Amino acid sequence: MRKIKKSAVGLLLGGLLLGGGATYAATNVFGNLDQIESDFNFTLNFAKSKQLEVTNLQSQLEGVSNDKTDLEDDISALLTEIERLKTDNAIEVTNKNVEISNKQAEIDAKQQEVNAKQNAINDLNKQLGALNGELSQVEAKVSQLVNHTNAGVKELTDGQ
């Protein structure tokens, strides 16, 4: 900031001494302000895109979590069904063993899906954590740029 101020003051004084330089100094100062605004807008747009990614990942996480819950409910229902089948009449036990095996195979398949969903949840949580970290850094940088811009504007307005 000091460098910009010294440059602006130096150019302004030099321009006044040499004549016609005031326009150049003002253009240079406004060019710097335009660059700050451009940098700020770029950072803000970057932060918005990261926020959108976070929202999308949170939505995916919710969907996968709901799928996992549904699968766990299915497993619970199947286990209940197995228990019902096991307590049926002893005569039906032999016939029900085939059904039990089928239900257990369904449980095994659904448990594999639950495991896959849990892995997906873990991966999405990692991505979400990383994006939240990046978002925090971007928010800090945006705040820093706002403070920098405000300080520059104050410096320019106090100098008049």
Side-chain angles (χ1 to χ4, degrees), residues 1-82 103-160:
M1 188 62 191
R2 228 171 234 227
K3 185 177 179 182
I4 292 172
K5 183 178 178 182
K6 285 181 179 179
S7 295
V9 170
L11 287 172
L12 183 61
L13 289 176
L16 290 174
L17 293 174
L18 298 174
T23 303
Y24 174 77
T27 301
N28 191 27
V29 169
F30 288 122
N32 288 338
L33 290 176
D34 289 342
Q35 183 61 46
I36 290 169
E37 180 182 14
S38 174
D39 291 347
F40 176 81
N41 288 337
F42 174 80
T43 303
L44 182 62
N45 287 334
F46 180 75
K48 286 179 181 179
S49 73
K50 289 300 176 183
Q51 182 62 47
L52 182 60
E53 286 183 58
V54 166
T55 300
N56 288 339
L57 283 174
Q58 286 173 330
S59 177
Q60 288 178 13
L61 179 62
E62 182 179 334
V64 171
S65 293
N66 289 339
D67 290 346
K68 180 185 173 218
T69 300
D70 291 343
L71 288 167
E72 287 171 337
D73 291 342
D74 289 346
I75 287 172
S76 180
L78 288 167
L79 288 171
T80 301
E81 179 67 14
I82 286 173
K103 296 293 182 185
Q104 189 61 52
E106 284 182 46
I107 287 173
D108 293 341
K110 290 197 182 271
Q111 186 62 53
Q112 287 179 351
E113 288 182 44
V114 166
N115 294 343
K117 296 294 181 180
Q118 184 62 52
N119 288 337
I121 286 170
N122 293 343
D123 290 343
L124 289 170
N125 276 328
K126 273 186 191 176
Q127 291 175 21
L128 184 60
L131 282 174
N132 280 330
E134 287 180 27
L135 183 60
S136 293
Q137 290 175 353
V138 169
E139 288 171 346
K141 186 64 177 178
V142 167
S143 179
Q144 183 184 20
L145 287 170
V146 167
N147 291 338
H148 179 73
T149 300
N150 290 340
V153 169
K154 183 176 180 351
E155 188 176 309
L156 288 173
T157 57
D158 287 348
Q160 291 181 359

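Fair warning: this is a prediction, and the values are worked out from it, not measured in the lab. Quick note: numbers below take in every heavy atom, side chains included, and nothing from hydrogens, waters or symmetry partners.
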Within 6.0 Å of NZ in Lys50, more than 12 heavy atoms from elsewhere: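 Yes - once you tally the heavy atoms of other residues, nucleotides and ligands closer than 6.0 Å, there are more than 12.
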Without swapping roles, check the side chain of [X] against the backbone of [Y] for a donor-acceptor pair under 3.5 Å.
X      : Y      : answer
Thr55  : Gln51  : yes
Thr80  : Ser76  : yes
Ser143 : Glu139 : no

Verify whether one side chain among [X] and [Y] offers a donor that lies under 3.5 Å from an acceptor in the other.
X      : Y      : value
Asp123 : Gln127 : no
Asp108 : Gln104 : yes
Asn56  : Gln60  : no

Please give me the minimum heavy-atom distance between Val138 and Thr43, naming the atom from each residue. CG1-O, 3.8 Å
Quick one: [atom1] on [X] to [atom2] on [Y], what's the gap to the nearest 0.5 Å?
X      : Y      : atom1 : atom2 : result
Asn32  : Ser38  : CG    : OG    : 12.0 Å
Phe46  : Glu134 : CZ    : CD    : 5.5 Å
Leu71  : Gln118 : CG    : CD    : 11.5 Å
Leu61  : Asn122 : CG    : CG    : 10.0 Å
Lys141 : Asp39  : NZ    : CG    : 8.5 Å
Ile107 : Ile82  : CD1   : CD1   : 3.5 Å

Look at Lys68 together with Glu72 and state whether they make a salt bridge at an N to O cut-off of under 4.0 Å. yes
Note: Glu113-Lys110 ion pair, threshold 4.0 Å (strictly below): no
With Lys117, which of Thr69, Asp70, Val64 fulfils side-chain contact (heavy atoms from CB on, under 4.5 Å)? Val64
Flag side-chain contact, heavy atom, 4.5 Å: Glu37 against Asn41: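 Contact flag for Glu37/Asn41 side chains = yes.
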Tell me, do Ile121 and Asn125 make a side-chain contact under 4.5 Å, heavy atoms counted? yes
